[in-house]
**Q** 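Sharing a structure with you now.
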Number of protein chains: 2
Amino acid sequence: MPSERNSRVSRVDRDAIVATALRILDDFGLADVSMRRLASELGVQPSALYWHVSNKQELLAAVADQIVPPAPVLLGEDLSAASVARRLRSALLTHRDGAEVVLSTYALSLGTSPAAAALQAALRPAVAAELRPTVAAAVLQFVLGNASVLQQRLTAVRFGALSGDEQVMTAASDAEFRVGLDALLAGVTRRADPPTARS
Amino acid sequence: MPSERNSRVSRVDRDAIVATALRILDDFGLADVSMRRLASELGVQPSALYWHVSNKQELLAAVADQIVPPAPVLLGEDLSAASVARRLRSALLTHRDGAEVVLSTYALSLGTSPAAAALQAALRPAVAAELRPTVAAAVLQFVLGNASVLQQRLTAVRFGALSGDEQVMTAASDAEFRVGLDALLAGVTRRADPPTARS
DNA sequence: ACCTGAACACCGTTCAAGT
DNA sequence: ACCTGAACACCGTTCAAGT
């Protein structure tokens, strides 16, 4: 049967390329995610990758899609904007240079991303409809800025370009995130309906 | 006189290298700021640059220093935190990929940057002393995130990777910045000195 | 349909050697 | 003191040619 699928399985496919890219990202950082490195880990010539992805930028966009969870996962159970922002930040911090990958390749479609959708849904009771996309974008930008700065510092420490304790730096960033997020959401929902307790 | 200065002026010096790097950044973007490109524009071999700067990262840090204005300029006349943030954002947007340059090379010393100093000074009446560095960092991260996302979009549009109007995108980012900054500062200074009505 | 081989036009950085 | 020349170990991408 000539039209049978799997009659001759290919050495690599798109998913394998994306998965390997994500693994290199986690283990060595964005600087080591090169088409040539990727190809050699997959046991294939660099030019072979271009049958499956059109270029590196498109590949990194697919990696970004893997980093950012779908909207339902971001929303979780409590459906609050604060928890969406926290979950997004955790997802970015889970992968080395995750914030930079998302910021630099995902920025184009940030407005239509699962992160934006989840945030807008969570903002629904507190923020007027026509202001929701703007507020969601602002929150997203704060999360990305906070995570990017932290990961930039962690990378600098790991490369010996900066002295500092990773744990201390992470704790400081956590505090900056909490303070900033609380203020941002309080400022935006200050005409809130029920008296909410801080977490 | 053997010890006379200027007896034989060198072809390039550190300032000329930094100035040329900033010019290439403005005209062509960060991707075009390479040591080889820099050298050829200065009429010198690439290896010559390494007499004046230790590596590319250090060079980009010097470029970042040129992008971020000194604290007195950021503070201006009104001395408000909002205007410091606005002036910093303007400075970042003045140079192509300015936010990325500052975010990626300046992040190490962000806490001791003129931007942080100016912000902390502006926050002085409204925010308690021990919380000021944290709040200043959060504001900085929002400014960097907002400017980075906008410039990433502008770059994508210029390279034809995304359809969109630069003016429209800039206007949207401006609105997101205003809303986010207002909320952030309102949320942070809500326990202001005069008796405020609370809910 | 999928991959190889070879090439093109680049990178950052080092280091002996020149002046 | 400052720069050249040459090299090393890399990049992303294209494209004819193979199977």
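In what follows, chains carry the letters A, B, and so on, assigned in the order in which the sequence lines appear, proteins first and then strands, with residues in each chain numbered from 1.
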**Q** According to a strict under-4.0 Å criterion, is B:Q45 in side-chain N/O contact with OP1 or OP2 of D:dG5?
**A**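 It does, given that an N or O in the side chain of B:Q45 lies less than 4.0 Å from OP1 or OP2 of D:dG5.
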
**Q** Rounded off to whole Å, could you give me the NZ-to-P distance for the B:K56 and D:dC11 pair?
**A**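 It works out to 15 Å between those atoms.
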
**Q** On DNA chain C, does the nearest nucleotide to A:R36 precede the nearest nucleotide to A:G43 from the 5' side, or the other way round? Give the residue.
**A**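 In this pair, the answer is A:G43.
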
**Q** Is the shortest side-chain heavy-atom distance between B:T94 and B:D26 below 4.5 Å?
**A**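 The answer is no, as the side chains (C-beta and beyond) never meet within the 4.5 Å cut-off.
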
**Q** Atom CZ of B:F28 to atom P of C:dC11: distance rounded to whole Å?
**A**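 Distance, rounded to whole Å: 13 Å.
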
**Q** So, taking the atom named OG1 in A:T105 and the one named CG in A:L110, what distance separates them when rounded to the nearest 0.5 Å?
**A**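 Rounded to the nearest 0.5 Å, the OG1-CG separation comes to 9.5 Å.
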
**Q** Expressed as a whole number of angstroms, how long is the span from B:L59:CG to C:dC11:C1'?
**A**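 One finds 15 Å between C1' of C:dC11 and CG of B:L59, rounded.
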
**Q** Check this one for me: any side-chain N or O of A:H52 less than 4.0 Å away from OP1 or OP2 of C:dA1?
**A**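 The answer is no; no side-chain N or O of A:H52 sits under 4.0 Å from OP1 or OP2.
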
**Q** Given 3.5 Å as the limit, does a donor-acceptor pair link the side chain of A:Q141 with the main chain of B:V149, or not?
**A**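 No; judged by distance alone, with no hydrogens or angles, the pair does not exist.
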
**Q** In whole angstrom, give the distance that lies between atom CG of B:D32 and atom P of D:dC11.
**A**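 That distance rounds to 20 Å.
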
**Q** What is the pairing partner of D:dG12, taking Watson-Crick or G-U wobble pairs with both distances under 3.5 Å in any strand?
**A**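 Result: C:dC8.
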
**Q** Please check this pair: side chain of B:Q120 against backbone of B:A136, looking for a donor-acceptor N/O pair closer than 3.5 Å.
**A**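 Such a contact is absent between B:Q120 side chain and B:A136 backbone.
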
**Q** How long is the line joining CG of B:D13 and C1' of D:dA1, in whole Å?
**A**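 The distance from CG of B:D13 to C1' of D:dA1 comes to 13 Å, rounded to the nearest Å.
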
**Q** By nearest atom, which of the nucleotides C:dA1, C:dT13, D:dG12 is closest to the A:W51 side chain?
**A**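 Shortest atom-to-atom distance from the side chain points to C:dA1.
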
**Q** Expressed as a whole number of angstroms, how long is the span from A:R37:CZ to D:dC11:P?
**A**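 Taking atom P of D:dC11 as the reference, CZ of A:R37 is at 8 Å.
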
**Q** Round to the nearest Å and state the distance from A:I17 atom CD1 to C:dC2 atom P.
**A**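 Nearest whole value for this atom pair: 11 Å.
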
**Q** Between C1' on C:dC10 and CE on A:M35, what's the gap in Å once rounded to a whole number?
**A**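 Value for this atom pair: 16 Å.
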
**Q** Does C:dA17 pair with anything, Watson-Crick or G-U wobble, both distances under 3.5 Å, and if so, with which nucleotide?
**A**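 By the stated definition (distances under 3.5 Å), nothing pairs with C:dA17.
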
**Q** Can you tell me which nucleotide in D:dG12, D:dA1, D:dT13 comes closest to the side chain of A:N55?
**A**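 Nearest to the side-chain atoms of A:N55, counting from C-beta on, is D:dT13.
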
**Q** Under 3.5 Å for both donor-acceptor distances, Watson-Crick or wobble: does C:dC3 have a partner, and if so which one?
**A**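 Result: none.
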
**Q** Counting only heavy atoms not in A:R124, do more than 12 fall under 6.0 Å of its CZ?
**A**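 12 or below, so no.
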
**Q** Roughly how many Å apart are D:dA9 and C:dA9, using the P atom of each and rounding to a whole number?
**A**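 That atom pair is separated by 23 Å.
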
**Q** Less than 3.5 Å between a donor and an acceptor, one on the side chain of B:S47 and one on the base of D:dG5, is that the case here?
**A**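 Counting by modelled atom types and ignoring angles, a donor-acceptor contact under 3.5 Å is found here.
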
**Q** Need to verify one output field. Residue with the more 5' nearest nucleotide on DNA chain D, A:S34 or B:A48?
**A**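 Looking at the nearest nucleotide for each, B:A48 comes out on the 5' side.
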
